[in-house]
Amino acid sequence: MDPTSQKLVHSFGALADLGQEIANTREFNEMVRTSLHLLLGTLAIRRGAVAHCLPGEEQVACLAVWGLGEEFESRLTINATERQAFLTSGLSDLSKDTGNPHFTEFFSRHREELTSQEIELVIPMVVRGELTGLVLLGGKASGEPFTEDDLEVIRAMVRHIGVGIHTHRLFDQVEQRAEENRRLYDDLRAIYRDTVRAFAAAIDIKDKYTQGHSERVGKYSEIIAREMGWPDEEVEGIAIAGYLHDIGKLVVERDIINAPYKIDAKQSSELNRHPAAGFEILSPIHHPYADIPLMARYHHERIDGRGYPDGLSGEEIPLGARIVSLADSFDAMTTDRPYKTRRIFCVVIEDFRRNTGKQFDCQVVLALCRALLKEMNGTGTDRRMTKMLGKNYLEAERDTPLINQLISELDPNQQAAAATSSV
Ligand SMILES: [Fe+2]
């Protein structure tokens, strides 16, 4: 192979290596350093640096240096008109007078620094019509001058490096915007959650006997859904549904909601409007979580089809609504009302036993029981239910066997396991 062809193959190989280096997205500074080494190595140049120019900034900062001393820091500055001159120049040889007054100004300002570092070439990195940075190069180790072919190779390699830096900046910008969007989204979610809690408080204020009911239903629903293995997003959604499940009560007369006695049939049918009214209120709102209006509409449906407003049964009722329904009933049973005191825990368990499969969904009851057990035996992450129920309501020694017994009656897997072990 003749020397020219050999040189071409060598340059082509160096360009391929450089392309690969830049495409490899590992650490940015490392990429720039290796690219500079490849460029210097290809033409046996002793020293050089890669510096970048940030939009709107005059300072030219070094990203990588080689052979200029560890301490080398670029003191180069570039103003707007000089930038413009570099955009059209392609390559600037310090030994030649380009005649461009802006170059003259740039080089006369920096001649001392550049010549003291034995820099011979200043090559602009131009990508998409913008000056990304400058590559500073010393002379060849052989002392020979750069040939036109050398300069072609240098231009091609510098273009590669420029694209690498430009791409990195784009990634950075995209990441920054994504971060900003994440923050905005988090803010919006926080605002949404606060608004929902304010609504829940407004609902509960209307009903003076069930203070904090909506908030507790939200929390119980969240705990049950988490116990059932729902993903975080959906758990957050069902908590919101719990907070808002009784929002329809806002359109029911205050006297009926606050009646300190058992209400009559007419008042009862007025009160029973609230799930459908809640659906009407919530439907036009764009919620970040699906099905919140449906959970409000169906929270008084029953598994056996004897609920309201639509008399749905079994799996026709969305699972979220079955969860809110149990959370709602559990809170109603475990808090004092004007016409009745709350039930003791064994009576609640008895209610679950009697009504699972009729009023309540079996899987949902099991999840509530398991979450209660975890709190009582200390394997849960917190004791939120215990706190909501009050300090002396549950007693681990007395109530754990009750829950275990109900779980073994309701859980088909446990029954199957028991049957297998008894054979
Ligand atoms: Fe309700």
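Below, all heavy atoms of this structure are taken into account, side chains as well, without hydrogens, waters or symmetry copies.
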Going through the distances and angles, do Glu148 and Arg155 end up as a salt bridge (Lys or Arg N to Asp or Glu O under 4.0 Å)?
CA-CA 11 Å; Glu148 204 38 56; Arg155 282 192 195 98; 3.8 Å; yes
Using atom types as modelled and distance alone, determine if a side-chain donor or acceptor of [X] lies under 3.5 Å from a backbone N or O of [Y].
X	Y	result
Ser269	Lys266	yes
Asn79	Glu82	yes
Glu375	Leu372	no
Asp361	Val364	yes
Asp399	Glu395	yes
Arg353	Val348	no
Ser325	Ala321	no
Arg342	Thr335	no
Ser408	Gln405	yes
Asp264	Gln267	yes

Checking salt bridge (Lys or Arg N to Asp or Glu O under 4.0 Å) for the pair Arg216/Asp331: CA distance, chi angles, key distance, verdict?
CA-CA 7 Å; Arg216 286 192 300 274; Asp331 186 60; 2.5 Å; yes
Provide the closest heavy-atom pair for [X] versus [Y] in the form atom of the first, atom of the second, distance.
X	Y	result
Val60	Ala51	CG1-CB, 3.4 Å
Thr167	Val163	OG1-O, 2.6 Å
Arg83	Cys53	NH2-CB, 3.7 Å
Leu282	Ala296	CD1-CB, 3.7 Å
Ser268	Ile263	CA-CD1, 3.7 Å
Met376	Ala396	SD-CA, 3.9 Å

Working note: Lys219 + Glu215, criterion salt bridge (Lys or Arg N to Asp or Glu O under 4.0 Å); need CA distance, chi angles, decisive distance, verdict.
CA-CA 6 Å; Lys219 286 178 180 162; Glu215 177 135 9; 3.5 Å; yes
Quick check on side chain to side chain contact (heavy atoms under 4.5 Å, CB included): which of Ile161, Leu39, Val50, Ile154 does Ile123 satisfy it with?
Ile154
Between Thr42, Leu43, Leu40, which is the residue that forms a side chain to side chain contact (heavy atoms under 4.5 Å, CB included) with Met157?
Thr42
Test item: [X] and [Y] side chains (from C-beta on) under 4.5 Å apart, heavy atoms:
X	Y	result
Phe28	Phe171	no
Leu244	Ile247	yes
Asp304	Gln359	no
Arg297	Pro309	yes
Phe146	Glu120	yes
Glu236	Arg189	yes
Leu131	Ile78	yes
Tyr192	Ile240	yes

Working to the nearest 0.5 angstrom, can you tell me the gap between [X] [atom1] and [Y] [atom2]?
X	Y	atom1	atom2	answer
His166	Leu170	NE2	CG	4.0 Å
Ser329	Asn355	OG	CG	8.5 Å
Ile165	Asp172	CD1	CG	12.0 Å
Met228	Leu368	CE	CG	11.0 Å
Phe352	Ile403	CZ	CD1	9.5 Å
Asn377	Asn404	CG	CG	8.5 Å

Should we count [atom1] of [X] as having more than 12 external heavy atoms under 6.0 Å?
X	atom1	value
Glu397	CD	no
Lys340	NZ	yes
Glu315	CD	no
Arg46	CZ	no
Glu316	CD	yes
Arg177	CZ	no
Arg354	CZ	yes

Test item: side-chain donor near acceptor, [X] and [Y], under 3.5 Å:
X	Y	value
Ser214	Asp204	yes
Gln117	Glu113	no
Gln59	Thr77	no
Glu301	Tyr308	no
Asp310	Tyr298	yes

Val122 vs Phe107, side-chain contact (heavy atoms from CB on, under 4.5 Å): CA-CA, chis, key distance, verdict:
CA-CA 10 Å; Val122 177; Phe107 286 118; 3.8 Å; yes
Would Leu114 and Leu76 satisfy side-chain contact (heavy atoms from CB on, under 4.5 Å), going step by step from the backbone distance to the final call?
CA-CA 9 Å; Leu114 294 171; Leu76 304 181; 4.2 Å; yes
Would you please indicate if the ring centroids of [X] and [Y] are separated by under 6.0 Å?
X	Y	answer
His300	His245	no
Tyr243	Phe199	no
Phe106	Phe86	yes
His52	His168	no

Assess the residue pair Asp246 and Lys249 against the criterion (salt bridge (Lys or Arg N to Asp or Glu O under 4.0 Å)); give the C-alpha distance rounded to whole Å, side-chain angles, the decisive distance to 0.1 Å, and a yes or no.
CA-CA 6 Å; Asp246 268 345; Lys249 282 189 178 171; 3.3 Å; yes
In sequence, state the C-alpha distance, the side-chain angles, and the governing distance for Glu222 and Arg384, and then conclude on side-chain contact (heavy atoms from CB on, under 4.5 Å).
CA-CA 11 Å; Glu222 183 187 330; Arg384 294 168 75 195; 3.2 Å; yes
